[in-house]
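As the structure lists them, so they are numbered: ligands from 1, and atoms in each ligand from 1. Only heavy atoms go into these numbers, but all of them, side chains included; no hydrogens, no water, no symmetry mates.
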Amino acid sequence: MSISAPETSLPDSGGHFGTFGGRFVPETLVAALDELTAEYEAAKQDPEFQKELDHLLSEFCGRETPLYLAERWTENLGGAKIYLKREDLLHTGAHKINNALGQVLLAKRLGKKRIIAETGAGQHGVATATVAARFGLECVVYMGSVDMERQHLNVVRMRLLGAEVVGVEAGQKTLKEAVNEALRDWVTNVRTTHYILGSALGPHPYPMMVRDFHRVIGVEARRQILKKEGRLPNLLIACVGGGSNAIGLFHPFLGDEDVRMTGVEAGGHGIRHGEHAARFQGGKLGVLQGTKTWLLADDDGQIELTHSVSAGLDYAAVGPEHAFLQSEGRVEYTYATDDEALSAFKELSEQEGIIPALESSHALAEVKKAAPKMSKDDIIIVNLSGRGDKDVEQAAKYLLGEEGE
Ligand SMILES: *Cc1c(COP(=O)(O)O)cnc(C)c1O
């Protein structure tokens with residue numbers, strides 16, 4: 001599969017998706033970002049790079065992932081046919097390894113011996129620690145101390161893989177602060193170190209590059225649905241944290257006018273200040289961590305607190321390409337609350353024998369709303385971005401607590 005992106009020429013050479021994106025970084029990082037951009041462009045043209053990436057995606061990560069018809073759930077919801085794109089079956093349990101693998105191969109080309117990353121839920125940290133181990137590179141992962149507590153299992157996994165996990169005590173002690181620490185490290189150690197950023201966020205070239213490494217999701221899904229159904233789907237649905245799994249599924253379909261797309265943000269306890277992470281609901285245009293996009297900030301420009309039951313969606317800014325697609329009206333963005341996500345989590349587990357990640361459960365909650373309103377001839381593809389093993393304790397606390405009343 002070619003990682004290049006023929007469907008659109010965006011971003012421009014400065015990393016802009018319309019008025020969004022770009023590169024807002026300290027001077028010391030500009031050279032590193034230029035070097036990374038040039039190496040990425042060279043790698044894209046290099047058949048050897050492509051060959052190694054394809055080989056490892058298949059043999060190490062387990063691609064291609066199935067496009068699976070959720071028969072019982074479809075029947076019970078009584079509307080459109082629902083297909084799950086099974087990124088949950090990938091090595092390490094989520095889509096994140098697509099990007100981590102692509103970037104570690106770039107780091108190798110760049111001659112960098114040290115890898116750093118930020119992580120929220122710990123999934124990106126685990127994916128990064130995994131590929132760093134595979135290539136014998138030193139690995140440091142920054143993680144907010146609150147997240148370390150919430151996702152202890154992933155902290156243990158990273159350490160078993162040989163990575164150093166550094167707890168971040170600043171601010172809200174979650175993902176935003178972890179990104180700050182990773183950027184600080186990168187500024188200091190830029191000559192020896194590659195920063196594997198974990199979503200379609202940050203300064204150019206990251207949003208473009210991360211998107212391209214995840215396009216394999218949509219490219220496969222497109223081929224698979226044409227083979228199974230002989231036609232394209234009516235609707236694509238994916239959850240949106242930074243937006244990498246969603247853009248990976250959506251991007252190869254952007255030119256297909258009849259394919260509708262819905263991105264689902266975290267509605268948390270509801271759309272009130274500090275209680276959610278739905279940037280398109282009451283967010284503002286601003287700059288955070290290197291990119292211009294929609295974010296949650298108060299009138300003074302201070303970043304607001306966010307909340308979601310899923311650590312992977314709990315971030316104040318959305319990827320700039322999603323801001324662009326929203327402004328163009330090409331993709332619709334909505335949200336699911338914690339309760340709606342948990343109810344979808346339970347339903348998929350019980351009806352399909354698949355325990356989904358809490359992040360993915362936000363996309364599933366939207367399927368529950370959309371499918372019954374559609375005809376039985378219609379087709380939905382929902383991105384099952386990860387598996388729920390990491391979330392069982394948290395889900396049990398909510399769901400069993402609820403039943404115990
Ligand atoms: C990290 C994560 C997400 C959110 O990140 P995106 O960049 O928006 O895809 C979604 N699902 C799972 C399973 C994750 O681990």
Counting both backbone and side chain atoms, is some N or O of Gly242 under 3.5 Å from an N or O of ligand 1? yes
Any nitrogen or oxygen of Ala246, side chain or backbone, less than 3.5 Å from one on ligand 1? no
Is the closest heavy-atom distance from Glu87 to ligand 1 below 4.0 Å? no
Between the side chains of Lys368 and Glu340, is the shortest nitrogen-to-carboxylate-oxygen separation below 4.0 Å, so that they form an ion pair? no
Who's the nearest protein heavy-atom neighbour of atom 10 (C) of ligand 1, and how far? Glu359 CB, 3.4 Å
Glu352 and Arg72 ion-paired at < 4.0 Å: no
Salt bridge Lys51-Asp46, side-chain N to carboxylate O under 4.0 Å: no
Is Lys390 in polar range of ligand 1, meaning some N or O pair under 3.5 Å apart? no
For ligand 1, find out whether one of its N or O atoms is nearer than 3.5 Å to an N or O atom of Ser360. no
Taking only Lys NZ, Arg NE, NH1 and NH2, and the carboxylate oxygens of Asp or Glu, determine whether Lys112 and Glu35 approach each other closer than 4.0 Å. yes
Looking only at heavy atoms of Gly243, does any of them come nearer than 4.0 Å to an atom of ligand 1? yes
Does Lys397 come within less than 4.0 Å of Glu393, counting only side-chain N to carboxylate O? no
Ion pair present between Asp314 and Arg150, side-chain N to carboxylate O less than 4.0 angstrom? yes
Quick check: does Gly241 get an N/O under 3.5 Å from an N/O on ligand 1? yes
Note the single closest protein heavy atom to atom 4 (C) of ligand 1, along with its residue, its atom name and the distance in Å. Gly312 O, 3.4 Å
Lys/Arg N to Asp/Glu carboxylate O, Arg63 vs Glu87, below 4.0 Å: yes
Compute the minimum heavy-atom distance from Lys96 to ligand 1 and say whether it is under 4.0 Å. yes
Below 3.5 Å, N or O to N or O, backbone or side chain included: is there any such pair between Gln123 and ligand 1? no
Taking 4.0 Å as the limit for heavy-atom contacts, which would you say applies to Ser385 with ligand 1: side chain only, backbone only, both, or neither? both
Check the pair Glu265, Tyr315 against side chain to side chain donor-acceptor pair (under 3.5 Å), reporting the backbone distance first and the verdict last. CA-CA 10 Å; Glu265 298 183 288; Tyr315 183 68; over 6 Å; no
